[in-house]
Enquirer: 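Before I ask anything, let me first share the structure, which is written out below as structure tokens.
Each chain gets a letter, A, B and so on, in the order the sequences are listed, and its residues count up from 1.
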Amino acid sequence: MTVQASSARPAVRRPGGWLGAFTSTDHKRIALNLGCMSLVFFLLGGVFALLMRSQLASDNSHLVSDYTYAELFTMHGSTMIYLFVAPMAIAMAMYLAPLQIGAVSLAAPRTALTGFWIWLGGGLVMQSGWFAGDGPGRDGWFSYVPLSDSQNTPGTGQDLWTMGVTLAAIGMLLMGACVLATILRRRAPGMALLRMPIFTWTALVTVLMVVSGFPALIIAMGLLFIDRTTDAYIYSGFAGAIDYQDIFWFFGHPVVYVMFFPFLGAAAEAVAVCAHKRWFGYKAFVASMLAFSALSMAVWAHHMFTTGGVTNQYFAATSTALVVPAGIEYFDLVGTLVGGSLVLRTSMLFGLGFFVQFLIGGLSGIWVASPTLDYAANDTYFVIAHFHYTLFAGSVFGFFAGVYHWFPKITGARLREGLGKLHFVLLVIGTNLTFFPMFLVGEDGMPRRIVRYPQHPGWVTDNRLETIGAGIIAVGVLVFLINVVVSMRRRVIAGDDPWEGHTLEWATSSPPPPLNFNRPLPPIRSYAPLLDLRQQIADAGPPATGAEIREEASA
Amino acid sequence: VKAGAIPVVAWFVLNAILFAVHLLMTGHAQADGLGAWLAAFALGILLVWAVVMAAESRQVLRRGPPELDEGPEAVPAASLGPPMVAFAVVACGFGLVFGAFLVFIAAGVFAGAVFVLAREVRDERRARRAWSREVGDR
């Protein structure tokens, strides 16, 4: 423990090795632990996806049993959502937001550390279901009742799933609350709200949604656990089933945006820096973020259009209204690119890939926001295609934009550009080959969550293309891992500010020191203080030569 | 910190407007099952957050950039308490599925964690006081 004031900073003693990694309250260490563990879960979820796609490569395959297939799609969705994308979004916010606002540490770092370990414990409890006699959870990542009650899904595997999700949600809630408190309370002198960088704003609205949406998941899962273990009949009958869905989706839709906003911020930062231009339409972007996130808290029941238990008109209106703030963000992107001096680095490619591919997910979202069309598309592969275009083709591309952009800051070494571009190309091909044919088979009515499908013209070909695409994605991820290993073993030193960044994290060393900043912060006059500083130096003109100084002195 | 509560209040207002529109369109709070109550619950969380911040200092509701805080700030470098608390919580959850003995172990670990955290907080206060004295002497 150390005590520091803004004027003087005593030396910090920190435990090293494994003990240091386990007990460090440095926000960067906690975020790195969270990010690395999320990445491990991403690989695990990817293996589940590959097994599912291999099963679906032909119409009557028996690679896995019906029972195992249900386990695979449940654990794929659960792993990706509760253990990869949502925690990765929080990890990025936890690492970068304090740096971007000039804070020396996270607010309540012990709470964040507790949250990380509870989340990891929850993930392990969830995955421990694979060792239970009846296998892990098998009712989908949402586990609707009555399917998930103790009569229809008996056994400890589903109990472990329920408990695992509860613990993971508690952990993420604690970490999210710490990030929120940091952004609200720990901004550096001069860092007014409308001088916070784009990424910090996306992190702020994300953690606002975590704080107000995640308690609903904890309640839903807690009651489900009680229901399963004590036969309390909390979710009994039609009303109980609808109540469960209400509570679950009150978390379930905001979490889609939790898994989107920080990656939008990452892509926006990467694009602005690679365009050598400040992000266009900052205030409109901030307003759109607030509106977007508030609307995302009011659309949860569009997942329940076909239940007949909700007011479809209201939820269709709010869901369609989402296109307005989304449109502002795209307008800002175009405004940033126009007139910019573009450098097509890997981070820029992933950033642009994020915006282009998310557009497909967003536009198909307008379709399913209409109850009339949703009645036709519900429970088909069309919906699978839609949300994979938002979550994988969108968020994961934004995540990689962030990784290529901030890897030099986090490690002090650059990732290889050649391997990065190969990674990008493979991921673009793989993603579109996997998820676009899902629109076609979904439009034809192929139902989701089926282990075998009937012979239908084109379905085998489309499913085979999807399986090949999934394999290409796996190769792309492998190239990324090779890139990380190569770049860390044969380090190309990045320096403190390799890209001429705009925000405060580039004003400190790479990687940043324990208390984040080892030199005074530059003046903060806008949301791009380093760009301001650079422009100020450029406006002052080149430094005077010795002859000019002597001439001026004699005059 | 100056203006700290403004984003929470702004977000609360936006959500409250949407909540009101929801109630107007559905006619009454029960029309969408638990939905309206959940929205009210979320609004309550935001309100509590904003009120707690405002109770500490009214500055959080005023616009403008934060000012330099000269006071000493305790920044823990490492802490054993949080992993212990987390272990206790996870063991308790696992124990609810597999057996009560794990819940008892969890209770023991939790008690140990509280002791460790109390000592850390005490040391932190002492260090902060010592720092304040040192600055005062100078």
Enquirer: Using non-hydrogen atoms only, which part of Ser128(A) is less than 4.5 Å away from chain B: side chain, backbone, both, or neither?
Expert: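 Answer is side chain: those atoms of Ser128(A) sit under 4.5 Å from chain B.
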Enquirer: Might you point out which heavy atoms bring Leu184(A) and Val1(B) nearest each other, and give the distance in Å?
Expert: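 In this case the closest contact between Leu184(A) and Val1(B) is O-CB, 3.8 Å.
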Enquirer: Using non-hydrogen atoms and a 4.5 Å limit, figure out which bit of Ala177(A) sits close to chain B: side chain, backbone, both or neither.
Expert: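 Both the backbone and the side chain of Ala177(A) come within 4.5 Å of chain B.
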Enquirer: Is a side-chain donor or acceptor of Thr23(A) paired with a backbone partner of Ala78(B) at a separation under 3.5 angstrom?
Expert: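 Checked: no pair found.
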Enquirer: Trp117(A) and Val85(B): side chain to side chain contact (heavy atoms under 4.5 Å, CB included), yes or no, with the steps?
Expert: CA-CA 9 Å; Trp117(A) 284 107; Val85(B) 171; over 6 Å; no
Enquirer: Give, as side chain, backbone, both or neither, the part of Val21(B) having an atom under 4.5 angstrom from any heavy atom of chain A.
Expert: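 Both backbone and side chain.
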Enquirer: Does any backbone or side-chain atom of Leu80(B) lie under 4.5 Å from a heavy atom of chain A? Answer side chain, backbone, both or neither.
Expert: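 Both parts, heavy atoms under 4.5 Å.
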Enquirer: Which atoms of Phe225(A) are under 4.5 Å from chain B, going by heavy atoms: the side chain, the backbone, both sets, or neither?
Expert: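 The side chain, not the backbone.
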Enquirer: Could you look at Thr318(A) and say if it's the side chain, the backbone, both or neither that has a heavy atom under 4.5 Å from chain B?
Expert: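 The side chain, not the backbone.
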Enquirer: Looking only at atom types and distance, does a side-chain atom of Ser105(A) sit under 3.5 Å from a main-chain N or O of Val75(B), one as donor and one as acceptor?
Expert: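 Not at all, since once roles are kept as given, no pair shorter than 3.5 Å links the two residues.
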Enquirer: At a 4.5 Å cut-off on heavy atoms, which part of Met196(A) comes close to chain B: side chain, backbone, both, or neither?
Expert: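 Contact with chain B: none, neither part.
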Enquirer: So Leu160(A) and Phe94(B), do their side chains get closer than 4.5 Å, heavy atoms only?
Expert: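 Result yes, sub-4.5 Å side-chain heavy-atom pair found.
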Enquirer: So Met53(B) and Arg185(A), side chain to side chain contact (heavy atoms under 4.5 Å, CB included) or not? Walk me through it.
Expert: CA-CA 9 Å; Met53(B) 286 187 80; Arg185(A) 297 171 58 110; 3.7 Å; yes
Enquirer: Between Ala192(A) and Pro66(B), what is the shortest heavy-atom contact and its length?
Expert: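 For Ala192(A) and Pro66(B), the tightest heavy-atom pair comes out as N-CD, 3.9 Å.
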Enquirer: Can you see which heavy atom on Ala298(A) is nearest to which on Leu18(B), and at what distance?
Expert: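 Between these two residues, the closest heavy atoms are CB-CD1, 4.0 Å.
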Enquirer: Counting only heavy atoms closer than 4.5 Å, note whether Phe22(A) contacts chain B via side chain, backbone, both or neither.
Expert: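 Answer is backbone: N, CA, C or O of Phe22(A) sit under 4.5 Å from chain B.
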Enquirer: Side chain from CB out, backbone as N, CA, C, O: work out which of these in Arg228(A) comes under 4.5 Å of a heavy atom of chain B, or both, or neither.
Expert: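 Neither part.
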Enquirer: Looking only at heavy atoms, which of residues 5-17 of chain B get nearer than 4.5 Å to chain A?
Expert: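 So far as heavy atoms go, Ile6(B), Pro7(B), Val8(B), Trp11(B), Leu14(B), Asn15(B) are the residues that approach chain A to under 4.5 Å.
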Enquirer: Do Thr229(A) and Leu96(B) make a side-chain contact, defined as non-hydrogen atoms from C-beta onward lying under 4.5 Å apart?
Expert: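 When only atoms from C-beta onward are counted, Leu96(B) and Thr229(A) do not touch, as no gap falls below 4.5 Å.
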Enquirer: Drop me the distance from Asn312(A)'s CG to Met25(B)'s CE, to the nearest 0.5 angstrom.
Expert: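 The distance works out to 10.0 Å.
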Enquirer: Minimum heavy-atom separation for Leu208(A) and Leu46(B), please, with both atom names.
Expert: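 Of all heavy-atom pairs spanning Leu208(A) and Leu46(B), the closest is CD2-CD2, 4.0 Å.
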Enquirer: Do Pro109(A) and Pro76(B) have side-chain heavy atoms sitting under 4.5 Å apart?
Expert: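 Pro109(A) vs Pro76(B): side chains touch.
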Enquirer: For a quick test of reading the model, state the closest non-hydrogen atom pair linking Leu38(B) to Ile247(A) and the distance between them.
Expert: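 Heavy-atom minimum between the residues: CD1-CA, 3.6 Å.
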Enquirer: Report which part of Ile170(A) has an atom under 4.5 Å of a heavy atom belonging to chain B: side chain, backbone, both, or neither.
Expert: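 For Ile170(A), no heavy atom lies under 4.5 Å from chain B.
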Enquirer: Run Trp49(B) and Leu180(A) through side chain to side chain contact (heavy atoms under 4.5 Å, CB included) and show every step you take.
Expert: CA-CA 10 Å; Trp49(B) 192 290; Leu180(A) 177 59; 3.6 Å; yes
Enquirer: Please classify the contact between Leu167(A) and chain B as side chain, backbone, both or neither, with a heavy-atom cut-off of under 4.5 Å.
Expert: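 Contact with chain B: side chain only.
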Enquirer: Regarding Arg110(A) and Glu124(B), does a basic nitrogen lie under 4.0 Å from an acidic carboxylate oxygen?
Expert: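 Salt bridge flag = yes for Glu124(B) with Arg110(A).
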Enquirer: Measure the acute angle between the ring planes of Trp300(A) and His22(B), then classify it against the limits of 30° and 60° as parallel, tilted or perpendicular.
Expert: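 Correct class here is perpendicular.
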Enquirer: Leu113(A) and Pro83(B): which non-hydrogen atoms are nearest, and at how many Å?
Expert: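 Minimum heavy-atom separation between Leu113(A) and Pro83(B): CD2-CD, 4.0 Å.
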Enquirer: Is Phe41(B) in contact with chain A via its backbone, its side chain, both, or neither, using a 4.5 Å heavy-atom distance?
Expert: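 Side chain only.
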Enquirer: Give, as side chain, backbone, both or neither, the part of Ala181(A) having an atom under 4.5 angstrom from any heavy atom of chain B.
Expert: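 When you check distances to chain B, atoms from both the backbone and side chain of Ala181(A) fall under 4.5 Å.
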